[in-house]
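To keep things clear, I will list the structure first and then write my remarks on it.
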Amino acid sequence: MPELPEVEIVKQSLIKKVRGHKINEVRVFNKNLRFKLQNGFEKFLKNQKILNISRKSKYIIFHFQKEKFCLMHLGMSGTLHVINKKKKLFTNLSFYHSKSLPKKHNHIEFYISNFKLVYNDPRRFGFFRLIKSKKELRNYFKPYEPEALDKGFNINYLNQKLKNKTKNIKNLLIDQYFVSGIGNIYASEILHYSKINPNKKALKIKFKEMKNIVKFTNFVLKKAIKKGGSSIRNFKNLKGTDGNFQKEFKVYNREKQKCLREKCNGVIKKVIIGNRSTFYCNICQK
DNA sequence: CCGTTAACCTGAGAGC
DNA sequence: TGCTCTCAGGTTAACG
């Protein structure tokens, strides 16, 4: 479920909670996630000190000593829960939250200091990947350049790349190999700010519209981070409180409601593009 | 090579 | 209550 802003909030929470700590033990209950956990997963992580946690597009990166890393992708339903050893303190500290400690779908437990970090994922679309060198890390993320917030995602990049693309701009924005970090919610939001119809062919995008895509991608994603991400189901931060950006959606989940653009009398439409729900105003998005 | 579709999974919520 | 149906913030193999 999380897109770049939500993953960023998870990263910030993890830094506060686990940076500098050692992983004492790892227990795996189900290794069949989106991809099967690599052999020796537990052994690789045991006794590793977590030097830092960073984020690239929708990935969390755990940094260990001797240039070892572990990537974590939350897929659609991956959540992390901090559980203190005394059971009564179990529920509050969760990066994603459920009203009580999830009983099902706890697939991995990381024993850290005096608590455990639990990876829960009902749909099992999330995955982990062990990385054994800086070079391997660089290579892994090469196809995901540029990230939406990188300087490389700029007007020149779009100008060069869009002219031979026949597919629609909305599908292109959520294509992680074109630009990484944008998902289904923020693609609709960015295109509304940019006044571009999501069905518009990429090669028909004008120079001025490209400028808007760059500008509003930055604007929307950064504002979403500032607001703590979007909580439309159960996304919570470390303190167990909601993000607030869902209150600022211009189009997402607003089918049949009035367009919020000033002086626009449009009504938000919902269409399916590439199997995903897409929201837009057919008056001000051309 | 490119673009599109279906598949991978489970659970929440709507409608009846 | 309970059944059936649709939908979900992601990724990618397979197809034409």
Side-chain angles (χ1 to χ4, degrees), chain A residues 1-10 29-36 55-60 71-80 95-100 102-107 119-129 140-141 143-144 147-148 161-191 198-204 220-221 224-225 227-237 242-249 251-256 270-279:
Chain A
M1 301 196 304
E3 302 181 35
L4 186 154
E6 291 74 37
V7 178
E8 174 64 22
I9 300 301
V10 172
F29 303 104
N30 187 350
K31 56 174 66 173
N32 295 307
L33 304 180
R34 178 72 173 81
F35 307 110
K36 196 175 176 184
R55 178 194 56 72
K56 182 72 180 172
S57 58
K58 300 176 189 173
Y59 287 80
I60 301 274
L71 309 185
M72 176 176 72
H73 194 296
L74 299 171
M76 290 281 263
S77 59
T79 61
L80 289 170
F95 300 131
Y96 280 91
H97 182 81
S98 62
K99 282 174 189 158
S100 58
K103 292 184 177 64
K104 293 175 74 175
H105 311 300
N106 287 340
H107 305 310
Y119 179 72
N120 183 283
D121 189 354
R123 297 178 74 181
R124 283 185 278 120
F125 288 167
F127 56 93
F128 290 78
R129 162 92 184 222
Y140 187 91
F141 284 107
Y144 298 101
E147 185 201 90
K161 285 279 204 169
L162 292 188
K163 56 188 171 204
N164 49 3
K165 297 279 184 198
T166 57
K167 69 168 159 183
N168 64 71
I169 186 64
K170 196 267 185 169
N171 266 343
L172 201 57
L173 285 184
I174 61 173
D175 178 352
Q176 303 301 297
Y177 298 120
F178 178 75
V179 55
S180 64
I182 302 170
N184 203 42
I185 291 179
Y186 295 108
S188 281
E189 293 298 310
I190 290 163
L191 288 173
N199 266 313
K200 191 164 186 169
K201 301 285 179 212
L203 51 77
K204 294 209 165 180
V220 168
L221 296 181
I225 291 169
K227 295 280 176 176
S230 301
S231 299
I232 62 174
R233 276 178 194 76
N234 57 2
F235 177 75
K236 302 261 181 179
N237 62 26
D242 281 341
N244 280 311
F245 193 71
Q246 68 283 359
K247 295 169 188 165
E248 316 216 5
F249 287 167
V251 288
Y252 190 83
N253 261 350
R254 295 194 65 249
E255 188 187 12
K256 293 177 184 165
K270 174 182 174 179
V271 290
I272 303 296
I273 298 178
N275 280 327
R276 317 296 302 277
S277 290
T278 305
F279 300 84

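Proteins come first, then strands; the chains are lettered A, B, ... in the order of their sequence lines, and each starts at number 1. Computed from a predicted model, the values in this text were never measured in an experiment.
Taking only side-chain nitrogens and oxygens, A:Lys104 comes nearer than 4.0 Å to OP1 or OP2 of B:dG11. For A:Arg123, no side-chain nitrogen or oxygen approaches OP1 or OP2 of C:dG9 to under 4.0 Å. Under 4.0 angstrom from either OP1 or OP2 of B:dC9 there lies no side-chain N or O belonging to A:Ser77. An OP1 or OP2 oxygen of B:dC9 is reached within less than 4.0 angstrom by no side-chain nitrogen or oxygen of A:His105. Between C:dT12 and A:Tyr177, a contact under 4.0 Å exists linking OP1 or OP2 to a side-chain N or O. Between A:Ser230 and C:dG9 there is no side-chain polar atom (N or O) within less than 4.0 angstrom of OP1 or OP2.
B:dC2 atom P lies 14 Å from atom CG of A:Leu162, rounded to whole Å. A:Leu71 places its CG atom 18 Å from the P atom of C:dG10, with the value rounded to the nearest Å. In this structure, CZ of A:Phe178 is placed 18 Å from P of B:dC1, rounded to the nearest angstrom. The NZ-P distance, from A:Lys165 to B:dC1, rounds to 12 Å in whole Å. Whole-Å rounding puts the A:Phe141 CZ to C:dT11 P distance at 11 Å. In this structure, A:Lys36 places its NZ atom 17 Å from C1' of B:dC9, rounding to the nearest Å. Taking atom NE2 on A:His107 and atom C1' on B:dT10, their separation rounds to 10 Å, with Å as the unit. In this structure, the CG atom of A:Asp175 is 9 Å from the P atom of B:dG3, given to the nearest Å.
For C:dG9, there is no paired base (Watson-Crick or G-U wobble, both distances below 3.5 Å). Base pairing annotation: B:dC9 forms no Watson-Crick or G-U wobble pair, as no partner gives both donor-acceptor distances under 3.5 Å.
For A:Arg124, taking side-chain heavy atoms from C-beta onward, the closest of the listed nucleotides B:dG3, B:dT10, C:dG9 is B:dT10. In the set C:dG9, C:dA8, C:dT11, the nucleotide with an atom closest to the side chain of A:Gln176 is C:dT11. Residue A:Asn184 places its side chain closer to C:dG9 than to any other of B:dG11, C:dT11, C:dG9. Residue A:Ser277 has its side chain nearest to C:dC7 when only C:dG10, C:dC7, B:dG11 are considered.
Salt bridge status for A:Glu189 with A:Arg254: absent, with no side-chain N to carboxylate O gap under 4.0 Å.
Residue contacts for A:Gly75: at a heavy-atom cut-off of 4.0 Å it reaches the sugar-phosphate backbone alone, with no base atom in range. Using a 4.0 Å heavy-atom distance criterion, A:Arg34 is classed as a base contact. Residue contacts for A:Phe35: at a heavy-atom cut-off of 4.0 Å it reaches the sugar-phosphate backbone alone, with no base atom in range.
A gap of 14 Å separates the P atoms of B:dA6 and C:dC7, to the nearest Å. C:dT4 and B:dC9 have their P atoms separated by 22 Å, given to the nearest Å.
Remark: aromatic rings of A:His73 and A:Phe127 are close, center separation under 6.0 Å.
A:Asn106 and A:Asn120 share a donor-acceptor pair across their side chains, judged by distance under 3.5 Å alone. For the residue pair A:Tyr140 / A:Tyr59, a side-chain donor-acceptor distance below 3.5 Å is found, with atom types taken as modelled. A donor-acceptor contact under 3.5 angstrom links the side chains of A:Asn184 and A:Lys170, judged on distance only.
Remark on DNA chain C: of its neighbouring residues A:His73 and A:Phe279, the 5'-side contact belongs to A:Phe279, judged by nearest-heavy-atom nucleotide. The residue among A:Pro122 and A:Lys167 whose nearest nucleotide of DNA chain B is located toward the 5' end is A:Lys167.
With hydrogens and angles ignored, a donor-acceptor pair closer than 3.5 Å exists between the side chain of A:Asn275 and the base of B:dA6.
Remark: ring of A:Phe125 not stacked against base of C:dT11; the cut-offs of centroid gap under 5.5 Å and plane tilt under 30° are not jointly satisfied.
With rounding to the nearest 0.5 angstrom, the OH atom of A:Tyr186 is 9.0 Å from the CG atom of A:Leu4.
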Self-check item: Derivation of the ring pair (Phe, Tyr, Trp, His ring centres under 6.0 Å) call for A:Tyr119 and A:Phe128
Solution: CA-CA 11 Å; A:Tyr119 179 72; A:Phe128 290 78; 5.0 Å; yes

